[in-house]
Amino acid sequence: MRKLGIDFYQRANVLQIAKELLGKVLVTNWNGPDGYREETSGRIVEVEAYNGVIDKASHASGGRRTNRNEIMYADGGVAYVYLCYGIHHLFNVVTNKKEAPHAILIRALEPITGIDVMLERTGKKELDNSLTRGPGNVSKALGIFTKHTGQSLLSKTLFIAEDDFVWSKRELATSPRIGVDYAGADAKLPYRFFIKGNPFVSGKPK
DNA sequence: CTGACGATTCACT
DNA sequence: GTGAATCGTCAGC
């Protein structure tokens, strides 16, 4: 496993980065209550790209800049985590350089390590598709909260890595983003990328 | 200070 | 398919 470097995140094409994130491994490694590290990780199978100030679906649409989304304007390679519906913590990867507010929402993972810890965090009894299906569930399973916003993705407790795993091209699918109907024409942009047929991908199958 | 609402999820009809 | 949960954020007064 090789941790992705800063250059991966700071490129200008957020759609390209989003596609490349499919198949990578998202890892958290927080200190557990007993002092031991609790590593949890999963392979990324669904993402959505948010393309800066020109993207009406983005929190940074039109150059909108608030205390909440300020971190989107930072140099790429950090986390943007915010609370949605007062319940769900949604985890995003900030990309591009300073002042270019690009972000990629991680929507689903296929669990790899720490499944027992994830079950504990989510209150589930056994592994099924719902454990890391959907952005709210991803954060819950990996123990990601709004307090982690701004944390470097090159840190020891939160990072993304690659191994030698590769998808076949046929498995890559594209669609409009979910839950962004307020964005007018931009709601139709094909900025959601996922692995066709993977059971952890959110939404109805096909 | 106030009110409206959201890049969602889940239980229920 | 419908609706509730739940609270920080933000625009407007």
Side-chain angles (χ1 to χ4, degrees), chain A residues 9 14-15 17-19 21-22 26 42 44-74 76 78-96 100-111 118-151 153 160 173-194 198-206:
Chain A
Y9 301 103
V14 68
L15 300 176
I17 301 173
K19 266 185 263 192
L21 277 177
L22 292 176
L26 174 62
I44 298 169
V45 298
E46 180 186 358
V47 299
E48 281 178 5
Y50 287 84
N51 192 21
V53 299
I54 61 168
D55 184 351
K56 292 233 180 356
S58 171
H59 289 166
S61 168
R64 197 155 165 278
R65 191 161 186 157
T66 66
N67 196 51
R68 178 178 69 162
N69 74 4
E70 178 62 29
I71 197 64
M72 294 179 80
Y73 291 82
V78 297
Y80 170 41
V81 187
Y82 72 94
L83 187 65
C84 188
Y85 292 96
I87 305 171
H88 307 290
H89 300 254
L90 303 204
F91 170 74
N92 296 257
V93 173
V94 175
T95 69
N96 211 331
H102 290 184
I104 298 166
L105 173 67
I106 307 299
R107 292 192 56 93
L109 306 175
E110 189 176 280
M118 295 194 222
L119 290 171
E120 201 174 309
R121 285 174 182 154
T122 56
K124 293 177 189 294
K125 298 228 166 19
E126 53 188 71
L127 174 61
D128 65 21
N129 297 345
S130 73
L131 185 63
T132 50
R133 182 181 204 243
N137 290 330
V138 167
S139 297
K140 198 170 181 187
L142 293 200
I144 296 171
F145 301 95
T146 52
K147 67 176 180 184
H148 298 118
T149 211
Q151 178 162 343
L153 298 177
I160 299 174
T174 305
S175 85
R177 291 167 292 187
I178 293 176
V180 297
D181 295 343
Y182 56 83
D186 287 354
K188 298 195 168 65
L189 293 171
Y191 285 2
R192 172 172 175 253
F193 305 98
F194 60 99
N198 186 287
F200 290 92
V201 170
S202 65
K204 336 177 220 200
K206 182 86 166 278

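These numbers come from the heavy atoms of this one structure, side chains and all, not from hydrogens, waters or symmetry mates. In what follows, every chain begins at residue 1, and chains take the letters A, B, ... in the order their sequences are listed.
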Just to be sure I follow the notation: if a pair is Watson-Crick (purine N1 to pyrimidine N3 plus N6-O4 or O6-N4) or a G-U wobble (N1-O2 and O6-N3), each under 3.5 Å, what dot-bracket string does DNA chain B give, with | for pairs to another strand? ||||||.|||||.

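- Remark: the separation of the C1' atoms in C:dG1 and B:dA7 is 22 Å, to the nearest Å.
- Rounded to the nearest 0.5 Å, atoms CG (A:Leu153) and NE2 (A:His148) are 12.0 Å apart.
- A 4.5 Å side-chain heavy-atom check between A:Arg68 and A:Tyr80 finds at least one atom pair inside the cut-off.
- Without hydrogens or angle criteria, A:Asp186 side chain to A:Lys56 main chain gives a donor-acceptor distance under 3.5 Å.
- Residue contacts for A:Arg64: at a heavy-atom cut-off of 4.0 Å it reaches the sugar-phosphate backbone alone, with no base atom in range.
- Remark: A:Arg107 fails to qualify as a cation-pi partner of A:Phe194 under the 6.0 Å distance and 45° angle criteria applied to the six-membered ring.
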Nucleotide N/O to protein N/O under 3.5 Å, stretch nucleotides 5-13 of chain B:
| unit_1 | atom_1 | unit_2 | atom_2 | d |
| --- | --- | --- | --- | --- |
| B:dG6 | N2 | A:Gly86 | N | 3.3 |
| B:dG6 | N3 | A:Tyr85 | N | 3.4 |
| B:dA7 | OP1 | A:His59 | NE2 | 2.8 |
| B:dA7 | OP2 | A:Tyr182 | OH | 3.1 |
| B:dA7 | N9 | A:Tyr82 | OH | 3.2 |
| B:dA7 | N7 | A:His59 | NE2 | 3.0 |
| B:dA7 | N1 | A:Asn92 | OD1 | 2.6 |
| B:dT8 | OP1 | A:Arg107 | NH1 | 3.3 |
| B:dT8 | O2 | A:His88 | NE2 | 2.7 |
| B:dT9 | OP1 | A:Gly134 | O | 3.4 |
| B:dT9 | OP1 | A:Pro135 | N | 3.1 |
| B:dT9 | OP1 | A:Gly136 | N | 2.8 |
| B:dT9 | O4' | A:His88 | NE2 | 3.2 |

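- In this structure, A:Thr122 contributes its side chain and A:Met118 its backbone to a donor-acceptor pair below 3.5 Å.
- A donor-acceptor distance shorter than 3.5 angstrom exists from the side chain of A:Thr132 to the backbone of A:Leu109, with no hydrogens or angles considered.
- The same atom, P, is picked in C:dT6 and in B:dT2; the two are 23 Å apart, to the nearest Å.
- Judged purely by atom type and a 3.5 angstrom limit, A:Arg133 uses its side chain to pair as donor or acceptor with the backbone of A:Val201.
- A salt bridge links A:Asp55 with A:Arg177: at least one charged nitrogen is closer than 4.0 Å to a carboxylate oxygen.
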